[in-house]
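Worksheet: the structure to be examined is printed underneath.
First the proteins, then the strands, lettered A, B, ... as listed; each starts at 1.
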Number of protein chains: 2
Amino acid sequence: MILELRHLRSLQAIQQCGSLARAAEQLHLTQSALSHQIKTLENYYDTPLFLRSTKPLSLTPAGLKLLDLAHHVLPEVERVDGQLHRHAQGSTGRLYIAIECHACFEWLIPVLDRYRQHWPEVEIDIRLGLSFEPITALQRGEVDLVISSDRRPHKSLCFEPLFDYEARLVLTHDHPLAGKAYVLPQDLADQTLVTYPVERKRLDVFSRFLQPANVEPARTRQAELTAIILLLVSTLKGVAVLPDWVLRETMSQHRLTTRPLGEEGMHGTLYATVRETERTADYIQGFIKGAKNRLNADT
Amino acid sequence: MILELRHLRSLQAIQQCGSLARAAEQLHLTQSALSHQIKTLENYYDTPLFLRSTKPLSLTPAGLKLLDLAHHVLPEVERVDGQLHRHAQGSTGRLYIAIECHACFEWLIPVLDRYRQHWPEVEIDIRLGLSFEPITALQRGEVDLVISSDRRPHKSLCFEPLFDYEARLVLTHDHPLAGKAYVLPQDLADQTLVTYPVERKRLDVFSRFLQPANVEPARTRQAELTAIILLLVSTLKGVAVLPDWVLRETMSQHRLTTRPLGEEGMHGTLYATVRETERTADYIQGFIKGAKNRLNADT
DNA sequence: CACACAAAATGAGTAAACTTCATGTTATTC
DNA sequence: GAATAACATGAAGTTTACTCATTTTGTGTG
């Protein structure tokens, strides 16, 4: 198979111009070059592609077949070619986001809604519950941006801090622990703890608060959605640990309040991790900027 | 635009094989050649196309875009490429037939029905009432085969005789002229002549019979379909001139008979005209053979 | 952590393909 | 039938793609 796009482009030009000479000009080639090129094809297929003896020279059935192919194929090729060029400039691309924490939806969705207005061509998706580590998925090209709070440096990847947060205990106004200025691990030993349905090691409240003090809550409950967790906290008189960004408007509606974990509070930073090669792409930086400004995004 | 099908083929192989080395083997290239080729593309688009650091190496979003294009485009290209190769062998092609005489439908349709069974891939069409000469249309590649009874030799075209025919006068059994063994031009001077609706010069009865004797029929009627012409001959007690092949089974049904034109009868030959370049193609020869054997085709 | 192994990148030389230039051939026009 | 226009052809030059040899990178192992 010697057929190349070049041949299709030539045929299209020949058909358009009605003569080799003019087609060659349009293609920035010499007439001779075109003649040679077509002859190669004709030898390959062992059939003429156009009739030389008619005034606006016309294609043979074989030539028409190829022209037909050209009309199908070339526009698509040009579309993708253009996309890829813009892709490199960073004005378009794929943005598959992996998030480790369910709570991130609370700020992510509004941020993405806003982002899509500015970057309409970017292909967006959110991936939850990957079969392997998000970082691995990032390296394998299955996702393009990982949002998480831990930072395990890795070559070819880079971390962009988005914003700091504080994980706080959520409880009702009239909860016994509401009387304290801050809570300690052992305060939760007789409590019902409501969490997202993920492994314990991926929940800060266990890995950074309860397990170091070797404390186990009396009961645990799981719920996927933040709204349901808050509901359960209200109705079960349980407690939950959520990042501060979750707890703004919804708080007063549910007659809820928050307390720091430990005297100092439990603080963390949320990072966006991307591949080094794509870090500078405009559409990536655009997302990171939008995430940092999430507070303004609600307006 | 430097993108060529070769690049798409390479990307597809890389994706399939999961490594440059194996892909190169499959493409009958060296690993180095592939590496260079991809690098050229990556420089052109200014973005990597796949990640080298994963075990089964994986494509970047940009690479996936191209792969997607490859999956769309390559099968179509291969289909056409294959078709063209067979085309040269003559097992497939386009067969647009131009006919000058309406009566040809009578034998052409059954012949084509039979032909299509043997040459299912050939694209068939029948063109009537072209804006210019069928021969011109043939030279311009608008049609591929012309059926007509006159033979104006032209370079790059060739004529294949199909079969001889005799144009005979059609009339009812009880028509006054039925008493004669043959009719002369002046016999038609007081008759109603039913013809196909085409120019007189393209009707043999005028150009070869009436006009040389400077005779004009009393009345003329036109009808597109042979069946209608026969009907008019019956009901109007008119006459028509039709080739003998039309007049076989239908004759007795309409209580019609035929007489020769002139003492010798008016004979002609039907030719299939094709472009010299396509004459030897199997699918062309197949049609010509089928037309010659039209009598057997009805069985 | 060094080692070995596998796989991709690199660089220089070579072969192939494409293009150009000059010229020949063919078809059409007046 | 000469003139013109358009395509074909052949040889030479240039660009492009490929191969070979080698280096670099990444991966897995003792």
Side-chain angles (χ1 to χ4, degrees), chain A residues 1-11 13-44 47-60 63 135-136 139-141 154-157 275-277, chain B residues 1-11 13-44 48-60 63 135-136 139-141 153-157 275-277:
Chain A
M1 162 106 70
I2 67 165
L3 188 65
E4 288 293 348
L5 292 177
R6 160 167 31 95
H7 300 120
L8 297 185
R9 292 191 255 266
S10 296
L11 266 178
I14 289 171
Q15 151 80 205
Q16 254 179 46
C17 302
S19 100
L20 278 200
R22 268 187 299 277
E25 197 177 346
Q26 180 183 308
L27 293 165
H28 304 295
L29 292 181
T30 59
Q31 170 266 323
S32 170
L34 242 194
S35 179
H36 282 299
Q37 192 183 86
I38 297 297
K39 190 174 182 57
T40 310
L41 262 196
E42 290 182 332
N43 285 339
Y44 173 63
T47 180
L49 294 178
F50 61 87
L51 304 167
R52 277 80 169 161
S53 46
T54 58
K55 202 44 183 292
L57 50 73
S58 57
L59 299 173
T60 63
I135 293 297
T136 311
Q139 291 175 318
R140 295 195 189 179
H154 195 290
K155 79 187 70 173
S156 84
L157 298 184
R275 285 180 290 271
E276 187 62 46
T277 53
Chain B
M1 162 106 70
I2 67 165
L3 187 65
E4 287 293 347
L5 291 178
R6 156 169 37 97
H7 300 120
L8 297 185
R9 292 191 256 264
S10 296
L11 266 177
I14 289 172
Q15 152 79 207
Q16 255 180 46
C17 301
S19 100
L20 278 201
R22 268 186 298 278
E25 198 176 345
Q26 180 183 310
L27 294 166
H28 304 295
L29 290 180
T30 58
Q31 170 267 322
S32 171
L34 245 193
S35 178
H36 282 299
Q37 192 182 89
I38 298 296
K39 192 178 180 60
T40 308
L41 261 196
E42 290 182 331
N43 285 339
Y44 173 62
L49 294 178
F50 61 87
L51 305 166
R52 276 79 169 161
S53 45
T54 57
K55 200 41 182 293
L57 47 74
S58 58
L59 299 172
T60 62
I135 293 298
T136 312
Q139 290 175 320
R140 294 195 188 177
H154 196 290
K155 74 187 74 173
S156 85
L157 299 184
R275 284 180 290 273
E276 187 61 46
T277 53

Might you list the N or O atoms of the protein lying below 3.5 Å from N or O atoms in nucleotides 20-23 of chain C, with each pair's distance?
from	atom 1	to	atom 2	distance (Å)
C/dT20	OP2	A/Thr30	N	2.8
C/dT20	OP2	A/Thr30	OG1	2.8
C/dC21	N4	A/Ser32	OG	2.8

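Remark: A/Glu276 pairs with A/Cys158, A/Arg279 by the side-chain contact (heavy atoms from CB on, under 4.5 Å) rule, at least two apart or across chains. In this structure B/Gln37 satisfies the side-chain hydrogen bond (donor to acceptor under 3.5 Å, both in side chains) test together with B/Ser10, sequence neighbours excluded. Every residue two or more places apart in sequence or in another chain that forms a side-chain contact (heavy atoms from CB on, under 4.5 Å) with A/Glu4 is listed here: A/Arg6, A/His7, B/Glu4, B/Leu5, B/Arg6, B/Arg9. The side-chain contact (heavy atoms from CB on, under 4.5 Å) check on B/Thr40 picks up B/Ile2, with sequence neighbours excluded. Under the rule for a side-chain hydrogen bond (donor to acceptor under 3.5 Å, both in side chains), the partners of A/Glu42 that lie at least two apart in sequence or sit in another chain are A/Arg52.
Within the 4.5 Å cutoff, the side chain of A/Arg22 has no heavy atoms near those of the A/Ile14 side chain.
For the pair B/Arg52 and C/dA9, the criterion of a side-chain N or O lying under 4.0 Å from OP1 or OP2 is met. Side-chain N/O atoms of A/Arg6 include one lying less than 4.0 angstrom from OP1 or OP2 on C/dC18. Close to C/dT10, at under 4.0 Å from its OP1 or OP2, lies a side-chain N or O of B/Lys39.
Nearest-nucleotide positions on DNA chain C for A/Thr40 and B/Arg22 put B/Arg22 closer to the 5' end.
The separation between A/Asn43 atom CG and C/dA17 atom P is 13 Å, rounded to whole Å. Rounded to an integer number of Å, the gap from CG of B/Leu51 to P of C/dA9 is 12 Å.
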